[in-house]
Amino acid sequence: MKKEIPEQPQQTQIVKPLRHKAAQQSPKPLKARSAQAAKPAQSAKPAQAATFTVKPGKAKQPKPAMKPEAVQAPAPASKAQAAKPEEPAKVREATAQAEPAKPVTPASPRQEKAAKQPETTPTQENSVWEHFGFADPGKKKKPSRIGNAFRRLSGGIKKLFTPVTRLLDAIDADFSDRSPVRKTLIALFKLKAPVCILLAVVILLSGCYFMFDSNNTATTEMSLNYEEAAYGLNPNSTRFNVYDIASREVVEKMLGYCGIDPESVDINAVMNSITINPTNKKSFSEETLFITTTYRITITKPPEIKGISTDEMLNFLCKAYKDNLYSKYTENRSILSFNIDDFHDEEFMQIADQLDLKAQQIEKYLNTRAKQSKTFTEKKSDETFKSLAQKVEDLRNYDIAKYRAFVIEAGCSHNKAHYLRSLAYTNRIKDLSYDKDIAAYNVYNAGIKMYNEAMISVVMIPSIDESKNTYYMSKTKTGMDYMASQADDYLKTAQETAKEIKVNREIMGKMQAGSNDTADINKAKSMIETIRGKFATLSGQIETVDKAYIKYKTKDYLTFKPTNLSLLQKLQPTKMAVIAAVLLLAIYAAVWYRFRNYSGGK
């Protein structure tokens, strides 16, 4: 017989879900959850739902969901639960039918916000910031390579200084009664090996840097060896300026010698790379005036100039400056330049006068050169200043004189009437000068006649020649002697003026009688062209010989002596010692600061 089970009054039962902190995490994937549901129970006893009786009016509400930050891993099942036998299937079915619907756990605000957002396609992943080329501030930036390298470096430095820090802490503990200075000395003594290694590395690196820097620098000493240099002047007596060697003109010429286009580099940078200092640094004062004649010139090759060594740049700089000095500041050779086209519209007789004047100037210049060096000969042309002066004299006495005679006989003139009036006016002025000179001559002659001949014996003065120790009578000049000399001068001037007046009158007469036709004018022009050609040829020969002479004469005006630095000078031991001392002082100060501020010692 079946045993009837008495019916019990129904009670409101609420199945309390077994929740743990892991249940508050984000929902697991569907496959994982289905696998967990299909997993058979391991307990021996049938699982009983945890139930409790709710009193009327006091229904217990489910606990709110916990925050995601408080989620923890589920606690492992206890041994008692693991020992329970498996629940029969019928009991599980009855329990499942009696169980009400489980309450839904409310989702967190973050989960709700994520559920509302639509799925984005790959083209929508870029934000508005990235669309306009800016970095999205909401996205977490990946660490850069520089940041990673910096972190590794800082970590390596910390590991490197860890033994030093431990040693300093040990010294601070063992010598707590000592002053920071004593502690610092003790620490440096115990750290002498790493400190010496550090100093050696720094000295080695600084020596390599100074060696590399010296290879990009070249120095030479320039000496001025001409007489005017002692007065601060150029050879042509103009003011000397040593900084012309760093001028734009000289630097551009130097770059041209180097085969570098001046427009392809920064000229100002090249100019600033040239330094000039006097070798004799003495004080200037009104009592002791000293002008140096030797300078030290240093050039540093800019990084943009390649394909040429620093020494070659310095040699080309010296060559460019020497050429500039010789061409601009040596003797004035402008007298050798001559252009006949400057007076092609003038009268034919005036052209003849100017040609003759130019020939006289060149002849005088050549005679002066011949006096300076009588034996100088130009090697290529085998010409001397004396031979060139003879050629100029021949051009003057034959070609120019022949041209003058033809113009006078033919009466060649662009405007004969105007030219004749000008000659007449010139003669009137010269007549006045002649009358003035003759009047002065007569006055001085009259004054000389007023002197008494007996006065000549009075002006004899007895004198002694100290060099020969002899006695003689010396004659002293009187006013009569000065008057006689001035009278002679006025007479010579009057005679020259009278000769010019006579020549002008003859020219006026022949010009009036000349035909002045086109054929004669064309012939006069052809004679001018012939003279111009001879002048050009002769002027070129004179300039060639004169340049060779100036080069020979001024070869020692400027001398350059390159300064070859030794290995010790390139390393610059003084600077290396200063760097090592500064580093050692910095180490001492850092250790002392640590003991002074991070320990109890004083």
Side-chain angles (χ1 to χ4, degrees), residues 335 338-367 389-445 486-536 538:
I335 191 65
F338 182 65
N339 188 6
I340 299 181
D341 293 336
D342 294 342
F343 45 79
H344 66 281
D345 290 335
E346 296 183 6
E347 286 290 340
F348 292 101
M349 285 298 299
Q350 293 178 350
I351 293 175
D353 294 338
Q354 294 195 26
L355 289 173
D356 186 71
L357 178 62
K358 191 68 178 180
Q360 291 181 22
Q361 293 175 348
I362 294 176
E363 187 178 359
K364 183 178 180 181
Y365 180 85
L366 293 173
N367 290 330
Q390 184 62 43
K391 290 182 179 181
V392 174
E393 185 178 0
D394 295 340
L395 178 65
R396 179 190 174 196
N397 294 334
Y398 294 101
D399 295 89
I400 297 177
K402 182 179 177 180
Y403 166 75
R404 183 191 296 273
F406 174 78
V407 170
I408 293 174
E409 293 293 334
C412 297
S413 176
H414 295 293
N415 190 344
K416 183 182 292 187
H418 182 272
Y419 180 68
L420 292 175
R421 286 196 300 268
S422 64
L423 286 179
Y425 177 77
T426 302
N427 277 349
R428 285 197 297 269
I429 299 300
K430 290 185 178 294
D431 286 336
L432 294 175
S433 299
Y434 174 79
D435 295 339
K436 180 180 177 181
D437 293 336
I438 290 297
Y441 171 74
N442 294 330
V443 169
Y444 282 110
N445 277 337
Q486 291 179 0
D488 292 338
D489 294 338
Y490 280 114
L491 180 60
K492 291 179 181 180
T493 305
Q495 291 175 352
E496 291 176 359
T497 304
K499 187 184 295 184
E500 293 176 0
I501 293 173
K502 182 180 179 180
V503 171
N504 287 339
R505 287 175 180 173
E506 291 177 357
I507 292 174
M508 290 173 64
K510 292 181 180 181
M511 290 286 289
Q512 289 177 352
S515 60
N516 193 23
D517 54 5
T518 305
D520 294 337
I521 292 177
N522 292 334
K523 185 178 180 180
K525 289 181 179 180
S526 65
M527 295 177 71
I528 293 175
E529 292 297 327
T530 302
I531 296 173
R532 182 167 68 174
K534 291 184 178 181
F535 255 117
L538 193 57

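Residue numbers run from 1 in the order of the sequence given. Because the structure is predicted, anything quoted here is derived from the model rather than measured. Hydrogens, waters and symmetry mates are skipped; everything else that's a heavy atom, side chains included, is used.
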Interatomic spacing from CD1 in Ile528 to OH in Tyr403 - rounded to 0.5 Å: 3.5 Å

Non-hydrogen atoms of Thr497 and Lys430 that approach each other most closely: CG2-O, 3.2 Å

From CD1 (Ile507) to NZ (Lys502), nearest 0.5 Å: 13.0 Å

Side-chain donor-acceptor pair present, Tyr441, Asn445, cut-off under 3.5 Å: yes

Electrostatic pair Asp353:Arg404 at N-O distance under 4.0 angstrom: yes

Approximate separation, where rounding is to 0.5 Å, of Lys510 NZ and Glu409 CD: 4.5 Å

Glu500/Asn427 under side-chain contact (heavy atoms from CB on, under 4.5 Å): CA gap, chis, key distance, verdict: CA-CA 8 Å; Glu500 293 176 0; Asn427 277 349; over 6 Å; no

Check: Asn504/Thr426 side-chain N/O donor and acceptor closer than 3.5 Å: no

Pair Glu347-Tyr419, side-chain donor/acceptor within less than 3.5 Å: no

Straight-line distance of Leu423 CG to Glu506 CD, nearest 0.5 Å: 12.5 Å

Where Phe406 and Ala524 come nearest, the two heavy atoms and their spacing: CE2-N, 3.9 Å

OG on Ser413 to CD on Gln350, rounded to 0.5 Å: 9.0 Å

Closest non-hydrogen atom pair, Cys412 against Asn516: CA-OD1, 3.3 Å

From Ile501 atom CD1 to Asp431 atom CG, the distance as rounded to the nearest 0.5 Å: 4.0 Å

No-hydrogen, no-angle side-chain donor-acceptor test under 3.5 Å, Asn367 and Glu363: no

Over all atoms of both residues, closest heavy-atom pair of Ile400 and Phe535: CD1-CE1, 4.3 Å

Side-chain heavy-atom pair Asn442, Ile438 within 4.5 angstrom cut-off: yes

Lys416 side chain to Gly514 backbone, donor-acceptor under 3.5 Å: yes

Considering all heavy atoms, the nearest Tyr444-Ala487 contact: CB-CB, 3.5 Å

Test item: His418 and Arg421 side chains (from C-beta on) under 4.5 Å apart, heavy atoms: yes

salt_bridge(Arg532, Glu529) N-O dist < 4.0 Å: yes

Over all atoms of both residues, closest heavy-atom pair of Gly411 and Met511: CA-SD, 3.5 Å

Phe348: partners by ring pair (Phe, Tyr, Trp, His ring centres under 6.0 Å), with sequence neighbours left out: His414

